[in-house]
Amino acid sequence: MRIAFFSDTHLGHRRFGRVDERSGLNVRELDVMRTFERFLKSISEEQPDVVLHGGDFFDMVRPGNHTILKAFSAVSAFQRKRDGAEFIGVAGNHEVPRVQGTGCILTLLEEIPGVRVFWNRPEIVTIERDGERVGILCVPHSRSESAKELVPCDGVERLLLLAHGLTSNVPRIREASIEVGPFKKSCDLILLGDYHIHRTEGRKVVYVGSTDYVSANIWEEAKQPKGWILLDTKTMKWTFNEVQPARAVRDLAPIDVSTLGVTEVLDQMLRAMEELRDARKWDRDSLPIVRQRILNAPEGFRREVPFEVLQTLRGMAFDYVLDVGFHESKKQTEATDMGAHSVEEHWTTFAREYETPEGVDREQFVATGLAYLKEARNDTEADSA
């Protein structure tokens with residue numbers, strides 16, 4: 001049996017406050033949907049028997065109407081091509097409702113032939129193809145404790161765990177939400193969503209990663225491939241199939257200014273962006289998200305960067321982040337690569353978890369804060385220029 005696994009599509013994700021002139025929608029929301037459609041096309045071409053989704057299908061409990069309609073349409077077309085073959089998903093932390101009795105938006109997808117979703121309790125699904133029986137233990141976010149009593153599962157040749165959660169080995173701020181140890185003996189493979197970078201933990205635990213750059217710290221993912229997994233249950237061998245997101249994220253090589261003059265630094269900044277531009281002919285709808293880090297900068301360095309230069313650089317990218325700071329050692333630099341967060345990223349993380357009053361649009365709340373931060377940054381740079 002051939003099984004495709006992908007996760008963390010985060011449909012409806014919005015960021016940067018950029019609005020598409022034609023539709024009036026957030027540009028990143030459109031990007032993430034285009035990436036999702038690319039994944040469906042790539043998976044469809046391999047004609048798997050079963051498709052699994054590891055949670056955070058949507059980015060929020062109540063996504064916008066455009067996202068719901070586009071997602072429903074895309075999955076419907078995908079399932080028609082597959083003649084309604086099994087498409088199984090579990091809910092992630094972004095879509096599990098906090099208020100009991102609210103219901104889950106994922107259940108709408110069950111109107112599509114072949115789609116089954118699990119959001120409030122774990123359950124085992126048994127699938128049979130050509131005499132082979134495979135069990136899939138479906139565990140929504142924060143439901144792993146109650147799933148332990150469902151295993152072992154008799155009458156199947158293979159048992160897979162499909163879950164959304166972080167293990168204690170994942171380098172994240174949030175606490176671990178799933179303990180996979182109890183499942184390793186009974187399950188042949190553990191397929192996890194929630195962590196946005198593709199990685200494995202031993203032979204049995206696999207994170208497929210997110211489809212697009214949708215975490216608070218996208219620079220952590222910038223050099224990591226995005227894709228989906230194709231598993232052959234007879235041999236239990238799997239391959240990672242890379243898919244390019246609709247919009248690239250590029251973390252440029254850092255510039256150490258400790259021995260350079262301002263003019264030399266500006267030349268290197270412009271040259272880096274020109275090389276990036278020339279490496280691929282970006283059109284207006286696909287300009288990359290870019291960060292340029294400056295290392296060992298003296299105090300007041302940012303004020304010496306002409307506003308006109310920053311405007312030129314920003315015109316060559318969808319979003320251009322100039323990250324100026326002090327990095328005294330390689331070890332500190334590496335720590336920054338993996339964990340540093342900009343003010344914008346801190347705000348996004350805070351705003352997504354903050355309990356907003358009833359009736360407040362959370363994504364508008366996030367976008368408004370980002371817009372204010374960007375305005376303040378531009379004003380500061382204009383004053384220093």
Side-chain angles (χ1 to χ4, degrees), residues 1-7 9 39-55 57 75-91 106 109-110 112-119 121-140 143-144 146-165 178 180-193 198-209 227-243:
M1 195 178 302
R2 300 169 76 245
I3 297 179
F5 170 53
F6 70 130
S7 185
T9 43
F39 269 74
L40 293 184
K41 183 176 184 295
S42 176
I43 293 171
S44 180
E45 288 171 352
E46 292 296 331
Q47 300 180 338
D49 300 299
V50 181
V51 175
L52 305 179
H53 191 283
F57 186 88
V75 176
S76 294
F78 178 71
Q79 286 297 94
R80 281 195 297 272
K81 283 186 177 180
R82 303 180 63 239
D83 295 324
E86 286 87 351
F87 186 124
I88 299 169
V90 296
L106 289 179
L109 299 177
E110 291 192 318
I112 302 170
V115 176
R116 296 185 65 183
V117 295
F118 301 89
W119 66 276
R121 66 178 183 275
E123 189 171 329
I124 291 181
V125 177
T126 302
I127 300 172
E128 187 169 356
R129 288 282 191 285
D130 300 324
E132 181 186 11
R133 289 170 59 84
V134 173
I136 301 170
L137 175 55
C138 303
V139 183
R143 298 292 190 272
S144 60
S146 56
K148 294 177 184 178
E149 60 192 46
L150 297 178
V151 293
C153 177
D154 297 327
V156 296
E157 283 81 32
R158 303 290 187 187
L159 179 61
L160 311 179
L161 172 65
L162 171 66
H164 187 89
I178 185 170
V180 296
F183 300 102
K184 285 185 176 179
K185 184 176 180 180
S186 54
C187 296
D188 296 281
L189 191 64
I190 296 171
L191 303 171
L192 297 178
H198 170 51
R199 62 174 279 162
T200 59
E201 295 178 9
R203 293 186 303 106
K204 281 194 174 184
V205 181
V206 182
Y207 279 99
V208 68
W228 59 279
I229 284 170
L230 182 62
L231 168 69
D232 185 333
T233 58
K234 287 186 178 180
T235 62
M236 290 307 296
K237 293 182 179 179
W238 55 267
T239 56
F240 182 80
N241 298 273
E242 187 171 351
V243 177

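Being a predicted model, the structure only gives us computed values, none of them experimental.
Between F87 and L109, every side-chain heavy-atom pair lies at or beyond the 4.5 Å cut-off. Contact annotation: the side chain of M236 approaches that of L160 to within less than 4.5 Å [non-hydrogen atoms, C-beta and beyond].
The backbone N or O of G227 sits nowhere less than 3.5 Å from a side-chain atom of N241 that would complete a donor-acceptor pair. Side-chain N or O atoms of H164 include none that pairs as donor or acceptor with a backbone N or O of P140 at under 3.5 Å. A donor-acceptor pair under 3.5 Å is absent between the side-chain atoms of T126 and the main chain of G135, judged by distance alone. K204 places a side-chain N or O within 3.5 Å of a backbone atom of C187 that can act as its donor or acceptor partner. Counting only distance, with no hydrogens or angles, the side chain of R2 and the backbone of E46 share a donor-acceptor pair below 3.5 Å. Proximity of a side-chain donor or acceptor of E110 to a complementary backbone N or O of V117 within less than 3.5 Å is detected. Between the Q79 side chain and the P113 main chain, a donor and an acceptor come within less than 3.5 Å of each other. Although no hydrogens or angles enter the test, the distance criterion places a donor-acceptor pair under 3.5 Å between the side chain of H198 and the main chain of Y207. Using modelled atom types, one side-chain atom of T233 and one backbone atom of M1 make a donor-acceptor pair closer than 3.5 Å.
Taking the six-membered ring where tryptophan is involved, the planes of H53 and F6 are perpendicular, since the angle between them exceeds 60° and thus also 30°.
Residue pairs meeting the salt bridge (charged side-chain N to carboxylate O under 4.0 Å, His left out) criterion with at least one partner in residues 231-243, sequence neighbours excluded, are absent.
The salt bridge (charged side-chain N to carboxylate O under 4.0 Å, His left out) check on E201 picks up R199, with sequence neighbours excluded. Contacts of F5 classified as ring-ring contact (aromatic ring centres under 6.0 Å, His included), with partners at least two apart in sequence or in another chain: none. Applying the salt bridge (charged side-chain N to carboxylate O under 4.0 Å, His left out) criterion to R80, with sequence neighbours excluded, gives no partner residue. Partners of D49 according to the salt bridge (charged side-chain N to carboxylate O under 4.0 Å, His left out) rule, which considers only residues two or more places apart in sequence or in another chain, do not exist here. Applying the salt bridge (charged side-chain N to carboxylate O under 4.0 Å, His left out) test to E128 and every residue at least two apart in sequence or in another chain returns R133.
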Run the side-chain contact (heavy atoms from CB on, under 4.5 Å) test on E157 and D188 for me, step by step, so that the C-alpha distance in whole Å, both residues' side-chain angles and the decisive distance to 0.1 Å come before the verdict. CA-CA 9 Å; E157 283 81 32; D188 296 281; over 6 Å; no
Assess whether side-chain contact (heavy atoms from CB on, under 4.5 Å) is satisfied between L189 and W238, documenting all intermediate values. CA-CA 10 Å; L189 191 64; W238 55 267; 4.2 Å; yes
Decide side-chain contact (heavy atoms from CB on, under 4.5 Å) for F39 and T9; before the verdict, give the C-alpha distance in whole Å, the side-chain angles of both, and the deciding distance to 0.1 Å. CA-CA 9 Å; F39 269 74; T9 43; over 6 Å; no
Determine, stepwise, if the pair V206 / T200 fulfils side-chain contact (heavy atoms from CB on, under 4.5 Å). CA-CA 4 Å; V206 182; T200 59; 4.2 Å; yes
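For the atom pair CD1 (I3) and CG (L231), the distance works out to 5.5 Å, reported to the nearest 0.5 Å. For the atom pair CD1 of I124 and CG of L159, the computed distance is 6.0 Å after rounding to the nearest 0.5 Å. Once rounded to the nearest 0.5 Å, the distance linking OG of S7 with CH2 of W228 reads 14.5 Å.
In terms of heavy-atom proximity, V125 sits nearest to C138 at CG2-SG, 4.1 Å. Between A85 and R129, the shortest heavy-atom contact is CB-NH2, 4.3 Å. In plain terms, the two heavy atoms of G54 and L162 that are nearest each other are CA-CD1, 4.0 Å. For the pair I88 and I136, the tightest heavy-atom approach, listed with the atom from each and the gap, is CD1-CD1, 4.2 Å. Considering all non-hydrogen atoms of both residues, L40 and F78 come closest at O-CE1, 3.4 Å. The nearest pair of heavy atoms linking L192 to G165 is CD1-O, 4.3 Å.
No more than 12 heavy atoms of other residues, nucleotides or ligands lie within 6.0 Å of CD in Q47, so this atom counts as exposed by the packing criterion.
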